[in-house]
Number of protein chains: 2
Amino acid sequence: MQKATAEKSDPIAAQLAPVGRETVQDRVYSELRRALIGGLFEPSQVLTIRGLADALMTSTMPVREALGRLITEKALEALPNRSVRVPPITLERMDDLLRARILIEGEAIALAATRMTPRQIATIESMLSEWDEMRALKHKKDVDREVTLNQAFHFEIYRACGSAVLIPMIESLWLQSGPCIRVAIYAFSEAGEVDTAHYHRTIVKAMAAQNAREAREALVADISRPFVFLRNKLEADSKKGIPA
Amino acid sequence: MQKATAEKSDPIAAQLAPVGRETVQDRVYSELRRALIGGLFEPSQVLTIRGLADALMTSTMPVREALGRLITEKALEALPNRSVRVPPITLERMDDLLRARILIEGEAIALAATRMTPRQIATIESMLSEWDEMRALKHKKDVDREVTLNQAFHFEIYRACGSAVLIPMIESLWLQSGPCIRVAIYAFSEAGEVDTAHYHRTIVKAMAAQNAREAREALVADISRPFVFLRNKLEADSKKGIPA
DNA sequence: TCAATGCAAGTGTGATCACAAATCAAATAA
DNA sequence: TTATTTGATTTGTGATCACACTTGCATTGA
């Protein structure tokens with residue numbers, strides 16, 4: 001094998017990063033994930049293979065496989081008509097999702113509390129200040145950036161839990177609650193938003209002190225907020241407005 | 001629509017069950033799931049699309065989509081070579097899986113403890129006696145049947161937890177630990193098996209008493225057993241035998 | 001006017017083909 | 001004999017086609 005010998009003998013090869021061979025299907029899958037977590041699709045919206053293929057400038061093949069994967073992790077829903085849609089929001093489902101997230105993400109942050117390196121803690125601290133400066137010049141409500149930064153903050157912590165089993169589950173949970181969260185964030189914005197960064201600061205403080213219990217409690221408060229907010233909003237709407 | 005009117009006006013339509021339209025992909029996916037949970041594939045075994053398609057008497061298309069779905073739930077592993085294999089067993093992964101299963105299945109059974117109907121409890125009790133009579137005439141070690149019955153018992157309980165979010169996660173966990181479990185059960189058989197049904201009886205008793213704490217503890221003992229057994233076996237092997 | 005029928009466009013599913021990358025084996029050189 | 005190379009086979013990926021089912025709309029009937 002000429003490649004193996006080259007790697008050993010050639011000193012410049014050590015400076016070369018291996019070029020990733022990402023498939024089209026992977027890119028489609030990642031793109032749809034990003035859109036789902038960011039809440040770019042509305043609940044109950046139906047997606048067609050050919051429509052997405054056109055939008056993503058590819059053929060139907062990578063799209064249908066990506067959709068199949070998203071359906072298995074419950075990020076999308078397969079109707080009996082064989083059409084696929086993003087799952088609608090119901091109160092039961094929101095409670096269900098929140099309970100699962102408290103259980104699993106709470107465990108992950110408790111594990112991470114005793115395993116995070118100073119370097120990793122410095123990373124999430126820098127994210128904190130990045131959050132602050134975004135708030136400082138909040139001329140425009142950059143919801144997309146807010147969502148992205150929030151996700152990066154949380155997963156920087158979760159990655160430190162050292163569990164290759166829990167992390168994909170958390171990703172699946174974020175995928176499923178993405179549409180809900182987006183709706184909640186919009187509701188936040190129009191209802192005099194509470195300081196989101198405050199909760200993150202509490203989390204960072206607990207993580208720096210390696211206090212698993214406090215970290216878990218702060219996390220629960222953080223992720224519960226949009227859910228209870230949206231829940232109250234939905235209940236209020238159904239009481240006075242349309243019951244459906 | 002003639003179908004809708006027929007449903008309302010025609011009395012014989014009420015006796016007709018809707019014919020399910022299961023796709024080939026669904027069948028392939030279910031079949032591979034069954035094989036994985038049952039441990040029919042060995043750890044580190046590589047699977048080829050065309051090989052599976054031939055074995056399942058279908059084309060490559062349904063197989064590749066089923067494989068993609070199984071990869072996303074970590075039931076299979078995609079190598080950088082783009083070939084797929086069933087994940088190998090490591091001590092770290094086993095501990096990781098067991099911890100996640102204790103966390104999530106423990107929560108599920110605790111939820112189910114206060115929600116199981118008398119009818120559902122009667123069902124798992126009947127499974128208990130079915131287990132006993134299988135033990136009574138254990139002329140041949142029917143590992144397959146043992147695995148199937150064990151799965152049916154646990155999921156009859158989990159289904160009662162009422163969470164549409166937790167159950168798919170538990171299925172994913174069983175998918176991932178399937179190969180390990182199979183190895184453990186074989187090891188059980190050759191090492192004078194402890195009474196598996198005893199743990200299930202304890203679980204049933206706790207469920208009947210709606211005692212969530214006891215049910216959870218009994219479940220943890222039940223699912224931990226094959227893992228700690230296999231762990232000790234692997235550690236013993238690595239100490240005296242091959243370190244790899 | 002309204003419901004039922006029939007047609008046409010759209011959609012998911014499975015099969016097949018083309019192509020590039022990887023794997024394996026025989027052949028060759030040191 | 002051992003290491004290297006070369007060629008053939010296998011394999012995954014993406015594109016395209018054929019078919020069946022669904023959906024939506026226009027037409028027809030009462």
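Each chain gets a letter, A, B and so on, in the order the sequences are listed, and its residues count up from 1.
- Between A:N81 and the phosphate of D:dT23, there is a side-chain N or O to OP1/OP2 separation shorter than 4.0 Å.
- When side chains are defined from C-beta on, B:P62 does not count as touching B:T23, because their heavy atoms never get closer than 4.5 Å.
- Using the six-membered ring where Trp is involved, B:F155 and B:Y158 have ring planes that are perpendicular, over 60° apart on the 30 and 60° scheme.
- For B:D26 and B:R69, the salt-bridge test passes: some basic side-chain N is under 4.0 Å from an acidic carboxylate O.
- B:L47 comes within contact range of the sugar-phosphate backbone alone, with a heavy-atom separation under 4.0 Å but no base atom that close.
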For this session: Give the B/S/- string for nucleotides 13-19 of chain D, one per nucleotide from 5' to 3', where a protein heavy atom under 4.0 Å of the base yields B, of only the sugar-phosphate yields S, and otherwise -.
Result: BBBB---
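- Looking at B:Q176 and B:R93, their side chains do bring a donor and an acceptor atom within 3.5 Å of each other.
- Annotation: proximity of residues 66-80 of chain A to DNA chain C (heavy atom, distance under 4.0 Å) is found for no residue.
- Cation-pi geometry between A:R101 and A:W174 is met: under 6.0 angstrom from the ring centre, within 45 degrees of the axis.
- Ion pairing between a basic and an acidic side chain is recognised when a charged N comes within 4.0 Å of a carboxylate O; A:E107 and B:R99 show no such pairing.
- Residue-environment remark: CD (B:E42) stays at or below the threshold of 12 foreign heavy atoms within 6.0 Å.
- Within the 3.5 Å criterion, the main-chain N or O of A:I49 finds no donor-acceptor partner in the side chain of A:T60.
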